[in-house]
Amino acid sequence: MGGSNFYNSQGNMIALADCNNFYASCERVFNPKIKNKPVVVLSNNDGCIIARSNEAKKLGIKMGEPAFKIKNLLEKNNVNVYSTNFALYGDLSKRVMNTIKTEVNQIEVYSIDEAFLDFSDFADEERAFLIKKKVYKWTGIPVSVGIAKTKTLAKVANHIAKKYKKEGVFMFDSEDLIRRALNVFPVEDLWGIGRKISKRLKQFGIYTALQFRETDEKWIKRNFSINGVKIQRELKGEVIYPLETLRPRKKNICTSRSFGKEVKELSKLREVVSSHANSCATKLRDEKSCCLTISVFLSTNPFNSKVKQYYPCRLFNLDVPTNDSIEIVSYALKALERIYRSDCTYKKAGVIVGRIIPESHTQLSLFDNLDRDKRREINSIVDTINRKMGKDKVKLAVQGKTRDWKLRQERLSPCYTTRFADMLQVRV
DNA sequence: TCTGGGGTCCTAGGACCC
DNA sequence: TCTGGGGTCCTAGGACCC
């Protein structure tokens, strides 16, 4: 660990704090019985594995694997299986991030379970270790921390911390250390290098991150576009992706779900699509944004080779930016009517709103005959009630009452932190 | 029987203009 | 014989991430 002071004088230092097996760890926080036991979390519809505890990983359970394929394995090993509980994970994520914020000047919350931290003022492993301990004490979530000059290198450092360091902390504090690490780091594990690109790299004989870093930049640019070059430069220690502490406005917002049961009738699809459209509108209002496009897409089941496949999508451009539920739902329904075919069975439907701009920048149109002030009032009342009483307590009539197209979630853990009725009772 | 959802960025190609 | 070509805007699709 010596040499950290030398490195501190080099300016930019970034730490990546990444929660270990986040969803599985969340399930454990309120259920100590499953500590040290194999735990997996399933995707929507209880479809595939999206999180695994270390014990589950050791059993050979793979990420993304359909649960039905490994039913026997899960049962034989008494694996604790949970449906996703995003309300719980989202809330624990906020607590983790807020805890980290007490220890650093700048933080970029990168995803539900990761944050980049500014360590430029002082970088060493001890500082990371203190943060790690504090997060565990305050939230019960274990995190690992990787420290380096750039985000891409911090990602590598984090991998190493998770895999090889008992304390879960690792810092690149010399060029020699970086070289030795990259030399044994598989190119496909680099941030930004996915399955397709790593496959092509290997065809050219590039297997390690070090080989990638040392490849001619022009050749990389030609074969792997500007992104490849950016990754390469970050590996050399040049900051291409600075810390972004202001969350940029989303450019698209999408709500979509697969159905528990396939759907044929237009009437059901109308309920689904209005519900998704309403959810997009609510997300827009939460972000204080408006959209200028609304699209609807449908999809048949791509895994069923026996039925006719159909993946239609229809987009409407608006003249006046909106985040009004009623308006967005009515456009979405119009789009649905255009693409619906009665001779298909559908597995999935979704709504995307795009060309998003700040609410405050919206301009009035001469030809707009909607009473927008009144609509704004209605929406804000609905939002307030729903925030207090629970999602969809107030909704549009067209969304339907039954939601029998909704998700299958057979193994949902209680919403310990976000729903009063589910709060953990502690006896003293 | 059962196969996630929500994002971003980049590129190629068409339309259009001069 | 020779059938421009560069810029811009838009969109669809691919690749990636978590």
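Each chain gets a letter, A, B and so on, in the order the sequences are listed, and its residues count up from 1. These numbers were taken from a predicted model, which means no experiment stands behind them. Both backbone and side-chain heavy atoms feed into the values below; hydrogens, waters and symmetry mates do not.
- If you check every strand for non-hydrogen atoms under 4.0 Å, A:Thr84 touches nothing.
- Rounded to a whole Å, the CG atom of A:Asn304 is 11 Å from the P atom of B:dT3.
- Remark on DNA chain B: of its neighbouring residues A:Lys283 and A:Lys251, the 5'-side contact belongs to A:Lys283, judged by nearest-heavy-atom nucleotide.
- Between A:Met63 atom CE and B:dT3 atom P the separation is 17 Å, expressed in whole Å.
- Between the CG atom of A:Leu42 and the P atom of B:dC2 there is a distance of 16 Å, rounded to whole Å.
- Straight-line distance from the CZ atom of A:Arg355 to the C1' atom of C:dC10: 11 Å, rounded to whole Å.
- Between A:Lys230 and B:dC9, a side-chain N or O to OP1/OP2 separation shorter than 4.0 Å is absent.
- Using a 4.0 Å heavy-atom criterion, one finds that A:Lys71 contacts no nucleic acid atom at all.
- With B:dT3, B:dG5, B:dT8 as the choices, the nucleotide that has an atom nearest any side-chain atom of A:Asn252 turns out to be B:dT8.
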Self-check item: Derivation of the salt bridge (charged side-chain N to carboxylate O under 4.0 Å, His left out) call for A:Lys151 and A:Glu108
Solution: CA-CA 11 Å; A:Lys151 287 182 177 176; A:Glu108 174 187 344; 2.7 Å; yes

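- An OP1 or OP2 oxygen of B:dC2 is reached within less than 4.0 angstrom by no side-chain nitrogen or oxygen of A:Lys261.
- Nearest heavy-atom pair, A:Lys62 versus A:Ile49, reported as atom, atom and distance to 0.1 Å: O-CB, 3.8 Å.
- Rounded to the nearest 0.5 Å, atoms OG1 (A:Thr245) and CD (A:Gln106) are 5.0 Å apart.
- Each of B:dG5, B:dG6, B:dT3 was ranked by its minimum atom distance to the side chain of A:Cys254; first place goes to B:dG6.
- Using a 4.0 Å cut-off between charged side-chain N and carboxylate O, A:Glu217 and A:Arg233 make a salt bridge.
- When every heavy atom of A:Leu235 is checked against every heavy atom of A:Thr152, the shortest pair comes out as CD2-CG2, 3.9 Å.
- The side chain of A:Ser258 lies closest to B:dG4, out of B:dG6, B:dG4, B:dT8.
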Under 3.5 Å, which N/O atoms of the protein pair with N/O atoms of nucleotides 16-18 of chain C?
| from | atom 1 | to | atom 2 | distance (Å) |
| --- | --- | --- | --- | --- |
| C:dC16 | OP1 | A:Gly194 | N | 3.2 |
| C:dC16 | OP1 | A:Gly194 | O | 3.4 |
| C:dC16 | OP1 | A:Lys196 | N | 3.3 |
| C:dC16 | OP1 | A:Ile197 | N | 2.8 |
| C:dC16 | OP2 | A:Lys196 | N | 3.2 |
| C:dC17 | OP1 | A:Gly192 | N | 3.0 |
| C:dC17 | OP1 | A:Ile193 | N | 3.4 |
| C:dC17 | OP1 | A:Ile193 | O | 3.3 |
| C:dC17 | O3' | A:Trp191 | NE1 | 3.3 |
| C:dC18 | OP1 | A:Lys155 | NZ | 2.3 |
| C:dC18 | O3' | A:Ser111 | OG | 2.7 |
| C:dC18 | O3' | A:Asp113 | OD1 | 2.9 |
| C:dC18 | O3' | A:Glu114 | OE2 | 3.3 |

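- Candidate nucleotides B:dC9, B:dT3, B:dG6 were compared by shortest atom distance to the side chain of A:Phe303, and B:dT3 ranks first.
- In terms of phosphate contacts, A:Lys348 brings a side-chain nitrogen or oxygen within less than 4.0 Å of OP1 or OP2 of B:dG5.
- The nearest whole Å value for the distance from the CD1 atom in A:Ile49 to the C1' atom in B:dG5 is 16 Å.
- Spacing of P atoms, C:dC18 relative to B:dC2, comes out at 30 Å, to the nearest Å.
- When each of A:Asp91, A:Thr99, A:Asn98 is paired with A:Arg95, the side chain to side chain donor-acceptor pair (under 3.5 Å) condition holds for A:Asp91 and for no other.
- A:Leu315 places its CG atom 15 Å from the C1' atom of C:dG13, with the value rounded to the nearest Å.
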Exercise. Can you run through DNA chain B from 5' to 3' and write each base as (, ), [, ], | or . depending on how it pairs? Watson-Crick or G-U wobble, both distances under 3.5 Å.
Key: ....||||||||||||||

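- Residue A:Lys250 is classed as a sugar-phosphate contact, given heavy-atom separations below 4.0 Å to backbone atoms only.
- Put simply, CZ on A:Arg314 is 16 Å from C1' on C:dA12, counting in whole angstrom units.
- A salt bridge links A:Lys134 with A:Glu103: the closest approach of a Lys/Arg side-chain nitrogen to an acidic carboxylate oxygen falls below 4.0 angstrom.
- Within a 6.0 Å radius of NZ in A:Lys35, other residues, nucleotides and ligands contribute more than 12 heavy atoms.
- Distances shorter than 4.0 Å separate some side-chain N or O of A:Arg257 from OP1 or OP2 on B:dG6.
- Ring pair A:Trp191/A:Tyr110 is perpendicular by interplanar angle, where above 60° counts as perpendicular and below 30° as parallel.
- A residue-by-residue look at A:Lys69 and A:Thr255 shows that A:Lys69 has its nearest nucleotide of DNA chain B further toward the 5' end.
- Taking the six-membered ring for Trp and thresholds of 30 and 60 degrees, A:Tyr310 and A:Tyr346 have ring planes inclined between 30 and 60 degrees apart.
- A:Ile226 comes within 4.0 angstrom of the backbone, heavy atoms only, and of no base.
- As rounded to whole Å, 18 Å separates atom P of B:dT3 from atom OH of A:Tyr346.
- Considering A:Lys149, A:Arg180, A:Arg213 in turn, A:Arg213 is the only one that fulfils the salt bridge (Lys or Arg N to Asp or Glu O under 4.0 Å) rule with A:Glu175.
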